[in-house]
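Model, not experiment: these values are computed from the prediction.
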Amino acid sequence: MNSNTLVFLLLSVVVAGGISFFQYYYKSKSNKNLNLLLASLRFISIFGILLLLINPIITKNTFETLKTPLPIVVDNSSSISDLKASDITKELYSKLTSNSDLKNKFDIQEYRFDSEVESIESVDELNFKGKQTDIDQVAKNLKEINKNLSYPTILVSDGNQTSGSDYVFSFSPDNKVYPMVVGDTTTYLDLKINQINVNKYAFHKNKFPAEVFVQYAGTKLVTANFVISNGNSIISKQSVSFSPSKKSAVLNILLPADKTGLQIFNASITSKESEKNTYNNSKKFAVQIIDQKSEVAIISSINHPDIGALKRSIETNAQRKVTVLKPSQTSNLNAFNVLILYQPTAEFKSVFESNKNLKINTFIITGNDTDFAFLNQQQAVIDFKMSSQKEDYLAAFESNFNLFALDDIGFENFPPLENPFGTISTKGNISILLSSRIRNVATNQPLLAFSENAGNRTAYLFGENSWKWRAHSYLDKKSFDKYDVFIDKTIQFLASNDSKKSLIVNHERFYNSGDAIEITAQYFNKNYEFDEKARLSITVTNTKSKQVKKYDLLKTTNSFKVNLDGLTAGNYSFSVRELNSNAVYSSTFEILDFDIEKQFVNPDVIKLNQLAHLTNAQIFVPNQIDNLIKTLLADENYKAIQKNNITKTPLVDWVWLLVLIAVTLASEWFIRKYNGML
């Protein structure tokens, strides 16, 4: 409070006292005690009003000492106990957090981490049961907690990370990180399968690639045997050489898809040398082998070069067989997966009638000999209004076609197809791959289109002489491959019996024990729109113990999801059911007894050393803990800062002062009224 304010307060006392004296004592002959009470009330009222106007402020200075933060972050993952370092880790934590000199200089922050970072208060909270190690999360959390501060960090860990980004580059280079390495740093011989990359699906009687990353730790030359087996059968076997200078290898292997269905493979690597840890020598993976063998019937009442060209293109895929038939030879259509109806006429009536019940996917090709009036009667997707005049139609590729993946193989340069001139209009849901043009004029009509109705698929090609397309492709590319792939994808789309399903469930075939086990599902209504009001539940059964668990799937943005964490290793069957429609999806999965934290035989000293180097710090081992403490205490960059906090508060709370003024004025009025002084 400054001197001017004090002067004003003294003047306020004088003014309030003078007015009170003048009103109740000057020339007053009434009751002196009553006048004293009224004068006091008047003094309080006037002084309170003046005090409100002056509003005196009291300034208070407080001094606060800010210490530099010192996060002590301890690895709480199970790899610490697997490396027999639990006791020494607890001992290091206790010694660091109880050191009085460190407490005097630093504001010690205590954390433990595995997949998450948590604040702790005592050594009893370290249990070393974490199933994942994410040191990257440590860096992110410390940056968030200690924003814009310069501070050191003590990282007590084995340095083995199982999830997250590379932690070496996650910490700020301006803040020193002192790694305290726990675990036996002696190098033991160890062979390890790091990762296997393989497609989830493969086609029967083909070969599919597998990419395997293997790693070696050791100090001598080793020749290892790498084997991939399927059940009791060895599928692939090869030797891999390692040395102190060659510690990793990438194996690219082609595996045969000899059996259909879900095939489980086991990859393993062994050597004649003994290993401390053989837990990481094998890894399972699964591939769904799809049998795409299909029978295709080309039905035609005429002879045409297109038929031979189609047969050759389709049969370039060894999984397809083509049979050429006349309309009168189609008594056994259910033996075929796809029907190619070449230029249908009235002779095809029995074919269309039989297929109404069989619902075999068809490929209709029109031309100059097609009976379009008959074709209008047999299908309701395309309406033909054709003349007797012939016309040449060129192709234009529609890039927004999305039924299946297909590149433009130069369709616009292909020779024209011949078809009667007229109007082709669509009446159903049509996806157009090629539109037609006459010379350079677009007709806005399809040339090659696809439709799907209630799971039944149909393709339409409006024009004959497609054999010229295959010949042109060979002249242009010196190979039939591009064109044959185009025909193969068309037949593959038609040969598929997978209609749109109302309930779609996504899950993995294998889960590692300790991983997040998430199963997602989507339910579509009859218009194939995502139904947000669906009620989905899942029943999970352990095939060995027969234990059953039921869960509800919770809605997310565009799907439903359930988390099955906590299930033990084993085989499980499950079914997802939509409770309103009773739609069901059933399948199986296996939880492997795989602990990623058991994959390590040594601390990752190299990475921890890189981290210390990038942050201008040092790496320490447990018997150097005193040196670490001395280093931190001697570092002049981390000094406590004394902060002066200035707080300004009003001398009197104005609310209570107003209440006091109101009470005194009211009291004065009532007393004067009672005593007849008004």
Side-chain angles (χ1 to χ4, degrees), residues 294-315 320-393 417-428 430 436 445-454 456-470 487 490-491 494-495:
S294 52
E295 295 280 347
V296 180
I298 300 178
I299 304 173
S300 174
S301 59
I302 63 173
N303 294 322
H304 197 282
D306 284 352
I307 298 172
L310 281 170
K311 188 175 188 298
R312 289 188 182 90
S313 289
I314 295 169
E315 289 186 341
R320 310 204 196 282
K321 181 182 178 183
V322 177
T323 304
V324 180
L325 301 171
K326 297 288 185 182
S328 59
Q329 300 172 328
T330 56
S331 58
N332 191 24
L333 287 180
N334 57 3
F336 300 100
N337 305 101
V338 178
L339 302 180
I340 299 178
L341 308 182
Y342 189 79
Q343 302 208 38
T345 62
E347 296 180 54
F348 284 71
K349 185 176 181 180
S350 60
V351 177
F352 280 98
E353 288 180 351
S354 298
N355 200 32
K356 285 181 182 178
N357 296 323
L358 297 174
K359 297 187 181 299
I360 302 172
N361 294 339
T362 58
F363 187 2
I364 298 175
I365 302 174
T366 67
N368 296 321
D369 295 311
T370 304
D371 186 341
F372 290 99
F374 169 77
L375 200 53
N376 279 332
Q377 297 172 1
Q378 300 302 322
Q379 52 82 45
V381 178
I382 306 292
D383 183 52
F384 300 95
K385 294 180 181 178
M386 315 303 287
S387 67
S388 58
Q389 179 184 343
K390 298 178 182 179
E391 186 58 78
D392 290 336
Y393 292 93
L417 300 183
E418 196 172 287
N419 205 46
F421 179 77
T423 302
I424 300 174
S425 55
T426 60
K427 296 188 290 185
I430 291 289
S436 65
Q445 296 179 172
L447 186 65
L448 176 59
F450 298 84
S451 72
E452 184 170 0
N453 183 22
N456 194 27
R457 295 175 175 178
T458 308
Y460 299 89
L461 178 62
F462 306 117
E464 61 180 72
N465 295 331
S466 59
W467 67 270
K468 294 181 180 179
W469 285 10
R470 190 169 190 261
I487 293 296
T490 302
I491 298 300
L494 294 172

Under 3.5 Å: donor-acceptor pair, side chain of D383, backbone of S425: no
Within-4.5 Å side-chain heavy-atom neighbours: T362 and V338: no
Nearest-0.5 Å distance, CG of residue L325 to OG of residue S300: 10.5 Å
D369/T345 under side chain to side chain donor-acceptor pair (under 3.5 Å): CA gap, chis, key distance, verdict: CA-CA 8 Å; D369 295 311; T345 62; over 6 Å; no
CD1-CG distance between I364 and L461, expressed to the nearest 0.5 angstrom: 11.0 Å
Heavy-atom closest contact (S294 atom, N337 atom, distance): CA-OD1, 3.1 Å
Other residues, nucleotides, ligands: >12 heavy atoms within 6.0 Å of K349 NZ: no
Side-chain donor/acceptor of T330 to backbone N/O of P327, under 3.5 Å: yes
Side-chain donor/acceptor of Q389 to backbone N/O of F421, under 3.5 Å: no
Heavy-atom pair of closest approach, residues P344 and I365: CD-O, 3.7 Å
Nearest heavy atoms of Y393 and G422, plus distance in Å: OH-N, 3.7 Å
Mutual orientation of the aromatic rings belonging to F372 and F384 [parallel < 30°, tilted 30-60°, perpendicular > 60°]: tilted
Min side-chain heavy-atom separation I340-I314 under 4.5 Å: yes
Taking every non-hydrogen atom, the tightest pair across R320 and E315: O-CG, 3.9 Å
Where W467 and A309 come nearest, the two heavy atoms and their spacing: CB-CB, 3.7 Å
Separation between CZ of F363 and CG of L339, rounded to the nearest 0.5 Å: 12.5 Å
K326, NZ: over 12 other non-hydrogen atoms inside 6.0 angstrom: yes
Distance, nearest 0.5 Å, that separates NZ of K311 from NZ of K321: 9.0 Å
Nearest heavy-atom neighbours spanning E464 and N368: OE1-N, 2.8 Å
Approximate separation, where rounding is to 0.5 Å, of N357 CG and N334 CG: 11.0 Å
Close side-chain approach of Y460 and Q379, heavy atoms under 4.5 Å: yes
Evaluation steps, side-chain contact (heavy atoms from CB on, under 4.5 Å), between L417 and D392: CA-CA 6 Å; L417 300 183; D392 290 336; over 6 Å; no
Side-chain heavy-atom pair V381, T458 within 4.5 angstrom cut-off: no
Distance (rounded to the nearest 0.5 Å) between D306 CG and N465 CG: 5.5 Å
Criterion side-chain contact (heavy atoms from CB on, under 4.5 Å) on M386 and I424, from CA distance to verdict: CA-CA 8 Å; M386 315 303 287; I424 300 174; 4.1 Å; yes
Side chain to side chain, L341 and F352, heavy atoms closer than 4.5 Å: yes
Sub-4.5 Å side-chain heavy-atom contact between D371 and E347: no
